[in-house]
Amino acid sequence: MKVPPNNKQYVKKSTQSRNKSLSIESSAEIRASLGSTQNSSFSSSYPLKYYFTPHIIHLWLKNLESIVHLNESSNKKLNSDFISWKWVIHREKLKNSSSWPQLTKEEYSLISSYVTSFTFSYETLQAISAIIYRPPQIVKNVWESIKSQLNLNDPEEENIKKTLINNSRCLISQYNVLLEIEKDLMKFDESLALLWDKNVISPHSHPSYKVYNNIDSEKLPYLKFTYENLINCKVKSPDSDFNYGCDCEDNCQTKKCSCAKDNDGGYPIQNGRLIRTDVGAIYECNSNCKCNKHCPYQIIQNGGKNNGLFEIFKTSNKGWGLRTLAPIKKGTFVLEHVGEILEPRTAKLREVCYEKLDMMAYFDLDFGFDENEKLKVLCVDSNYWCGASRFLNHSCDPNLMTIPFFVEHKDPRFQRLAFFAKKNIPNLTELTFDYKISSVKFECSCGSNICRYNKNTGKI
Ligand SMILES: C[S@@+](CC[C@H](N)C(=O)[O-])C[C@H]1O[C@@H](n2cnc3c(N)ncnc32)[C@H](O)[C@@H]1O
């Protein structure tokens, strides 16, 4: 079985941490919830993270999200059952057994508690399967037998459809996605050991960035490249009160422009360069404004698609990295950090999964929010849907810095993230920024002589 040379993917980029409320014991559990009984192939001495490509993790998470997003009260019961020690221990035991033992009384009564309080649905079935770590078919059989004892109707295909239709449109679209995902995951089950075999996994996605590897034979993982944020369907639309623009008749040539005034101390980019670094966030003109794209307050939004200037390359000690193929002047907008925008509950769920796999790939969009407003804070996940910035490594002496910015929606939740050059950056230099990780455990290979994590130079 082949194991990738370096599959450490991410570290947490936000300084704010969240509490755990849902625990995912192992991916085998999810496979079990999808009907696989071949859990023995999964036990191995290799850490779980070695088995997962960003694509697989993405599919896996999507499936899990559809399970836990039923409704508030259903979720409460499902979550508390999922994390209760009783079922955690139970799952551990089942994971180590080579065949499925007979259903226990406790498992039966757990299923029973759902039959009496929940409407049958595909999602509930999967969630129960995940809690007790049994294939959904077993759970379904028990569900049906309990229903018939209670003299209730058997779950029919039509009933399932009706339940789904009664739920939100979002859930219906998820149902189809779920079926697709299930197919994919079944394939994944069969070829688990081959996942990292270069002959089987050829590069599927074709980023429009150059890719260069003179270190080893590893190919770029299968990712979905995007230039714009993709908004997850569970995220509430921006508040329309914040969709406004300026009335400038002169293409914003005077400082009277109301968008420019949104910026503390005035619009901070002049002649294409950031003139102040103490800006909280940058506000730009947008399609609601009377100006055209030649207005001086539309710099970031017009520079984001410059993908010819970067190269994704293999570093000797940090996995893949990103470097510039042209010199960059201090203060220039370099690129936007894009990915999938998630609402806090989905983000929290993914965080738990990523933590288990020791790979974090998200930014909290928390600029301007205080500690009490965490439930409003959206998050960018760039594990799978991503831009070139996904490959930016950490440095304690970075050449990039992040600044939030707003264009179309000035709704504070929908802030976007821009990387600006902190210094003049010569051609072929690796682009880096400071992840601001507080953990002492971070094994930093930035190589800077002011490295905070290095025993000799560090302060952390
Ligand atoms: C956002 S990803 C960057 C791209 C990554 N190198 C890759 O190959 O996909 C973050 C991950 O890169 C690696 N990394 C980034 N900066 C690093 C550093 N200074 N020292 C060691 N590893 C680093 C860690 O494995 C981290 O989890």
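Whatever order the structure lists ligands and atoms in, that order sets their numbers, starting from 1.
Taking the six-membered ring where the residue is Trp, Y267 and Y297 present perpendicular rings, their angle passing 60° and hence far from 30°. Ring geometry for H394 versus Y435: interplanar angle over 60°, hence perpendicular rather than tilted (30 to 60°).
Between F433 and H337, the ring center distance fails the sub-6.0 Å criterion. Side-chain rings of F369 and F367 stay apart, their centers remaining 6.0 Å or farther from each other.
Ligand 1 has no nitrogen or oxygen under 3.5 angstrom from a nitrogen or oxygen of S395.
In this structure, C444 is part of the shell of residues with a heavy atom less than 4.0 angstrom from ligand 1. Remark: distances from the non-hydrogen atoms of Y435 to ligand 1 include one below 4.0 Å.
When the options R390, H394, K314, K318 are ranked by their closest heavy atom to atom 23 (C) of ligand 1, first place goes to K318.
Note on K422 versus D434: no salt bridge recorded, every NZ/NE/NH1/NH2 to OD/OE distance being 4.0 Å or above.
Side chains of N383 and D381: no donor on one and acceptor on the other come within 3.5 Å. Residues E408 and S287 bring a donor and an acceptor atom of their side chains to less than 3.5 Å of each other.
Within ligand 1, the atoms closer than 4.0 Å to a non-hydrogen atom of L392 are 1 (C), 3 (C), numbered from 1 in the order shown. Close approach of ligand 1 to E443 (heavy-atom distance below 4.0 Å) involves ligand atoms 20 (N), 21 (C). For ligand 1 and S445, the ligand atoms under 4.0 Å from any heavy atom of the residue are 18 (C), 19 (N), 20 (N), 21 (C). Atoms of ligand 1 found under 4.0 Å from any heavy atom of N393 (numbered from 1 in listed order, with element): 3 (C), 4 (C), 5 (C), 6 (N), 12 (O), 13 (C), 14 (N), 15 (C), 16 (N).
Within the 4.0 Å heavy-atom criterion, neither part of T315 lies near ligand 1.
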